[in-house]
Amino acid sequence: MPELNLVIGDKTGKSYSKKLEDNSALIGTRVGETIKGELVGLSGYEFKITGGSNDAGFPMRIEINVAGKKKIYARKGVGIKTKHKGNFIRKTVAGNSVYSKTSQLNLAVVKSGKNSLEEIFGNKEQKEKEGDKVEN
């Protein structure tokens, strides 16, 4: 089972990345559902699944009730870019359910825990500066 990359966006507009080795607790959840933070190792938090993609990079669409890929015929929406306005296009997309080949999930914070996400994940720029000081 491939690891799952979580992209967590907070209310300030910043996003944080977290790798999840075991995604079996999330299998079967759908885009738009709210999940507890304990499932992803962040107790006290609640997240809403806003999207994601599978291992081939196909985006998840909320209206496709499938755990896998599907070809659709659409003119706009997630994963669709047309050259001429109003033209329909045939595209492969991932369904709205998390399954074993889901590689990325986008999460939005619904309820915050005791510590802020910046405290938990740290400031990346600050870590890089500290790393430079150690090497010199």
Please report the interatomic distance [atom1]([X]) to [atom2]([Y]), rounded to the nearest 0.5 Å.
{"X": "Ile120", "Y": "Lys18", "atom1": "CD1", "atom2": "NZ", "result": "9.0 Å"}
{"X": "Asn96", "Y": "Met60", "atom1": "CG", "atom2": "CE", "result": "6.5 Å"}
{"X": "Lys91", "Y": "Lys81", "atom1": "NZ", "atom2": "NZ", "result": "8.5 Å"}
{"X": "Lys69", "Y": "Ile64", "atom1": "NZ", "atom2": "CD1", "result": "14.5 Å"}
{"X": "Asn5", "Y": "Leu20", "atom1": "CG", "atom2": "CG", "result": "9.5 Å"}
{"X": "Ser97", "Y": "Ile49", "atom1": "OG", "atom2": "CD1", "result": "9.5 Å"}

Query raised in the report: side-chain contact (heavy atoms from CB on, under 4.5 Å) between Tyr16 and Glu118: does it pass, once the steps are laid out?
Result: CA-CA 8 Å; Tyr16 303 92; Glu118 190 157 342; 3.6 Å; yes
Query - Heavy-atom pair with the smallest gap, counting every atom of Phe58 and Ala94 - result: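 Smallest heavy-atom distance, with atoms named: O-CB, 3.7 Å.
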Report task. Check Ser53 against Thr102 and note the closest heavy-atom contact, atom names and distance. Result ->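 Smallest heavy-atom distance, with atoms named: O-CG2, 3.6 Å.
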Report task. Could you list the residues that satisfy salt bridge (Lys or Arg N to Asp or Glu O under 4.0 Å) with Lys101, not counting sequence neighbours? Result ->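 Partners of Lys101 by the salt bridge (Lys or Arg N to Asp or Glu O under 4.0 Å) criterion come out as none, since no residue qualifies.
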Is any side-chain heavy atom of [Y] closer than 4.5 Å to one of [X]?
{"X": "Tyr73", "Y": "Ile89", "value": "no"}
{"X": "Glu46", "Y": "Lys36", "value": "yes"}
{"X": "Leu107", "Y": "Val109", "value": "no"}
{"X": "Val98", "Y": "Val31", "value": "no"}
{"X": "Leu4", "Y": "Asp22", "value": "no"}
{"X": "Ile72", "Y": "Phe88", "value": "no"}
{"X": "Arg30", "Y": "Asn65", "value": "yes"}
{"X": "Val93", "Y": "Val78", "value": "no"}

Report task. Kindly determine whether Leu6 and Phe47 satisfy side-chain contact (heavy atoms from CB on, under 4.5 Å), including the steps that lead there. Result -> CA-CA 11 Å; Leu6 302 174; Phe47 301 104; over 6 Å; no
Query raised in the report: Is it true that Glu63 and Arg61 have a side-chain N and a carboxylate O under 4.0 angstrom from each other?
Result: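 So Glu63 pairs with Arg61 through a salt bridge.
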Query - N-O pairing of Lys48 and Glu33 below 4.0 Å - result: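 Here Lys48 does not pair with Glu33 in a salt bridge, since their nearest N and O are not under 4.0 Å apart.
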**Report entry** Donor-acceptor pair between Ser15 and Asp10 side chains, under 3.5 angstrom
**Finding:**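 Side chains of Ser15 and Asp10: no pair found under 3.5 Å.
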Query raised in the report: Between Gln104 and Asn106, is any side-chain donor less than 3.5 angstrom from a side-chain acceptor?
Result: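 The answer is yes; a qualifying pair exists.
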Query raised in the report: Linking I/L/V/M/F/W/Y whenever their side-chain heavy atoms sit closer than 4.5 Å, directly or via other members, would Ile8 and Leu39 fall into one cluster?
Result: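 The answer is yes; both residues are in one hydrophobic cluster.
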**Report entry** Sidechain-backbone polar pair: Tyr45 side chain, Val110 backbone, donor-acceptor under 3.5 Å
**Finding:**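 No; zero donor-acceptor contacts below 3.5 Å.
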Query raised in the report: Between the main-chain N or O of Gly44 and the side-chain N or O of Glu38, is there a donor-acceptor pair closer than 3.5 Å?
Result: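 The answer is yes, because a donor-acceptor pair under 3.5 Å joins these two groups.
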**Report entry** Check against side-chain contact (heavy atoms from CB on, under 4.5 Å), Leu105 and Val7
**Finding:** CA-CA 6 Å; Leu105 268 185; Val7 179; over 6 Å; no
